[in-house]
Amino acid sequence: MHKGTLVFAQLMLYLPLSTFRRCVADHNGEHKVKDFSCLDQFFAMAFAQLTYRESLRDIEVNLRAQARRLYHMGFRCQTISRNTLANANATRPWQIYADFAQHLIGLARPLYATEPFGLELDAAVYAFDASTIDLCLSVFAWAPFRSTKAAIKLHTLLDLRGNIPSFIHITDGKTHEVNVMDDLVLEPGAFYLMDRGYLDFARLFVIHEAQAFFVTRAKSNTKFKRRYSHPVDRVGTAVLCDQTGVLTTYQSSKDYPATMRRVVVKDDSGKRLVFLTNNFSLKPELIADLYRQRWQVELFFKWIKQHLRIKVFFGTSENAVKTQIWIAISTYLLIAIAKKRLHLDDHSLYEILQILSLSMFENIPINQLLTPPSKNPVSDFESNQLALL
């Protein structure tokens with residue numbers, strides 16, 4: 001029976017403590033730490049994400065106002081100081097929270113393995129892209145981007161079943177997106193959707209050799225020699241042609257010596273879109289539909305930038321910035337895990353986050369908190385009144 005656990009503590013129950021402690025031990029995160037543990041640090045930063053705090057002082061004021069409830073929220077420290085939190089973010093290895101987020105990814109992905117994503121396809125489908133977060137060069141000099149500004153890039157491989165990231169990598173703004181493809185662990189039989197920024201034929205051939213499939217767009221100067229043309233339905237579909245061929249320039253043909261498929265379609269505005277893939281079995285219109293699903297990763301970036309605190313940072317060091325980003329991602333994953341385990345399929349992650357942000361100190365079970373009230377409580381009240389007459 002429910003005993004009045006605070007909503008924040010209920011959500012943190014989905015945090016695997018043994019794994020968290022192992023991540024802390026692996027990176028010696030609590031060396032010479034007396035009171036403010038790494039778990040307290042995680043709780044404070046997760047609270048900031050869930051309640052939209054804007055600064056360390058904002059976190060301190062709000063948590064000190066609830067000092068009598070800190071223990072019931074899961075904290076083991078007696079008070080929260082912004083200086084202590086700032087020092088923890090700056091000095092404790094960010095790899096602790098990166099490793100922990102990867103473990104949460106491993107917990108979340110099986111929960112969404114059967115989620116539909118708009119196409120009837122049995123294979124795993126991933127969208128790979130990067131998003132840039134602009135910073136001030138004079139403050140974040142460790143993250144150079146342009147001559148007058150700094151930035152970091154969030155490289156993400158998004159599993160389209162449930163929009164759960166399966167791979168995340170953070171670099172400075174100067175790192176080109178295509179270089180991060182070397183860090184991907186490729187899954188045979190899976191589809192990888194990428195835009196033209198990832199058109200590197202040597203790396204695409206690595207995907208082909210791993211028995212995985214890619215779908216990307218060709219550039220205007222891509223030289224392709226047709227060998228076969230396959231029949232297409234130009235009346236019932238938007239497909240203009242479906243061809244098998246090879247690359248003709250010296251370097252491209254050397255980097256990708258195998259045959260490739262080119263599908264040309266016309267979008268709603270009449271623009272010709274040219275797709276390249278190494279899959280020869282799917283229908284050409286399905287190839288185009290697959291690439292359209294790549295937009296989900298753009299929506300993912302937009303969502304986390306709008307609803308998580310990863311654009312305004314509480315610290316200026318590289319360690320503090322990466323710590324904040326990884327804890328933000330972990331918070332997103334905790335909400336996604338809670339949604340499935342509490343069977344809250346009628347609510348989006350946005351709705352859950354908005355409701356939780358206003359209810360951190362309530363002691364109502366989360367599933368009851370998200371259950372809509374009676375549709376017509378007034379009529380129930382009136383019927384009870386009539387029963388007394």
Side-chain angles (χ1 to χ4, degrees), residues 1-21 36-80 82 85 97 100-101 103-105 107-108 111-112 162-164 303-304 306-310 314 324 326-374 377:
M1 183 176 180
H2 182 65
K3 298 181 180 180
T5 307
L6 297 179
V7 168
F8 180 84
Q10 292 178 54
L11 185 60
M12 292 301 118
L13 288 176
Y14 296 98
L15 187 152
L17 286 178
S18 59
T19 300
F20 185 86
R21 295 191 180 103
F36 193 67
S37 67
C38 289
L39 186 60
D40 290 333
Q41 178 193 6
F42 181 91
F43 283 164
M45 296 295 288
F47 173 82
Q49 295 292 334
L50 291 167
T51 59
Y52 304 114
R53 299 302 99 199
E54 297 291 345
S55 64
L56 292 174
R57 183 182 295 276
D58 195 3
I59 300 172
E60 178 190 51
V61 169
N62 279 270
L63 288 179
R64 284 194 173 186
Q66 302 290 338
R68 291 181 296 178
R69 297 183 175 183
L70 289 182
Y71 180 83
H72 301 287
M73 293 174 67
F75 290 93
R76 292 300 175 261
C77 57
Q78 296 181 352
T79 185
I80 304 294
R82 65 181 184 276
L85 182 55
Y97 308 102
F100 183 62
H103 180 78
L104 291 180
I105 288 172
L107 294 178
L111 298 175
Y112 290 84
N163 288 342
I164 301 298
W303 194 96
I304 63 173
Q306 286 181 343
H307 305 299
L308 299 177
R309 290 295 172 264
I310 61 169
F314 304 148
Q324 183 172 335
W326 282 112
I327 293 179
I329 293 169
S330 298
T331 305
Y332 172 88
L333 293 167
L334 278 176
I335 296 174
I337 292 170
K339 176 185 175 181
K340 280 296 181 182
R341 291 185 177 174
L342 291 173
H343 308 290
L344 302 174
D345 295 329
D346 294 336
H347 298 272
S348 67
L349 289 179
Y350 169 75
E351 293 173 341
I352 295 173
L353 184 59
Q354 290 296 314
I355 295 172
L356 293 181
S357 68
L358 299 174
S359 312
M360 287 290 103
F361 301 107
E362 300 287 341
N363 56 6
I364 305 172
I366 294 178
N367 53 355
Q368 293 184 19
L369 185 66
L370 295 167
T371 301
S374 177

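The analysis underlying the following values was restricted to heavy atoms, covering all of them including side chains, and did not include hydrogens, waters or symmetry mates. It should be emphasised that the depicted structure is a prediction, and the values quoted were computed from it without experimental measurement.
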Close side-chain approach of Thr51 and Phe8, heavy atoms under 4.5 Å: no
Residues which pass salt bridge (charged side-chain N to carboxylate O under 4.0 Å, His left out) with Asp346, listed by chain and number, not counting sequence neighbours: none
Report yes if the side chains of Phe314 and Leu85 come closer than 4.5 Å at any heavy-atom pair, otherwise no. no
With side chains defined as the heavy atoms from C-beta onward, is the minimum distance between Ile335 and Leu50 less than 4.5 Å? yes
Say you draw a straight line from CD1 of Ile327 to CD1 of Ile310; how long is it, rounded to the nearest 0.5 Å? 13.5 Å
Is there any salt bridge (charged side-chain N to carboxylate O under 4.0 Å, His left out) pair reaching into residues 357-367, and which pairs are they, with sequence neighbours excluded? none
If you define the side chain from C-beta out and look only at heavy atoms, does anything of Gln49 sit under 4.5 Å from Gln324? yes
Does Tyr112 reach the main-chain N or O of Ala336 with its side chain, forming a donor-acceptor pair under 3.5 Å? yes
For Ile364 versus Leu369, what's the shortest heavy-atom pair and its separation? CG2-N, 4.0 Å
Flag side-chain contact, heavy atom, 4.5 Å: Leu353 against Tyr52: yes
Would you say that Asp58 contacts Asn62 through its side chain, given a criterion of any heavy-atom pair below 4.5 Å between the two side chains? yes
With side chains defined as the heavy atoms from C-beta onward, is the minimum distance between Leu104 and Pro16 less than 4.5 Å? yes
Are Arg82 and Val61 side-chain neighbours, meaning at least one heavy-atom pair lies under 4.5 Å? no
Around atom CZ of Arg57, are there more than 12 heavy atoms from other residues, nucleotides or ligands closer than 6.0 Å? no
With the threshold set at 4.0 Å, does a side-chain nitrogen-carboxylate oxygen contact exist between Asp345 and Lys339? no
Would you please classify the geometry between the Phe20 ring and the Tyr97 ring as parallel, tilted or perpendicular, with 30° and 60° separating the classes? tilted
Any idea how Tyr350 and His307 line up, ring-wise: parallel (<30°), tilted (30 to 60°), or perpendicular (>60°)? tilted
How close do Glu60 and Ile80 get, heavy atom to heavy atom, and via which atoms? CG-O, 3.4 Å
Check: Pro365 main-chain N/O paired with Gln368 side-chain donor or acceptor under 3.5 Å: no
Is it the case that more than 12 heavy atoms not belonging to Gln78 sit under 6.0 Å from its CD atom? no
Output side-chain donor-acceptor pairs under 3.5 Å for residues 65-77, partner residues at least two apart or in another chain, one line each.
{"from": "Arg69", "atom 1": "NH1", "to": "Phe361", "atom 2": "O", "distance (Å)": "3.0"}
{"from": "Arg76", "atom 1": "NH1", "to": "Gly74", "atom 2": "O", "distance (Å)": "3.3"}

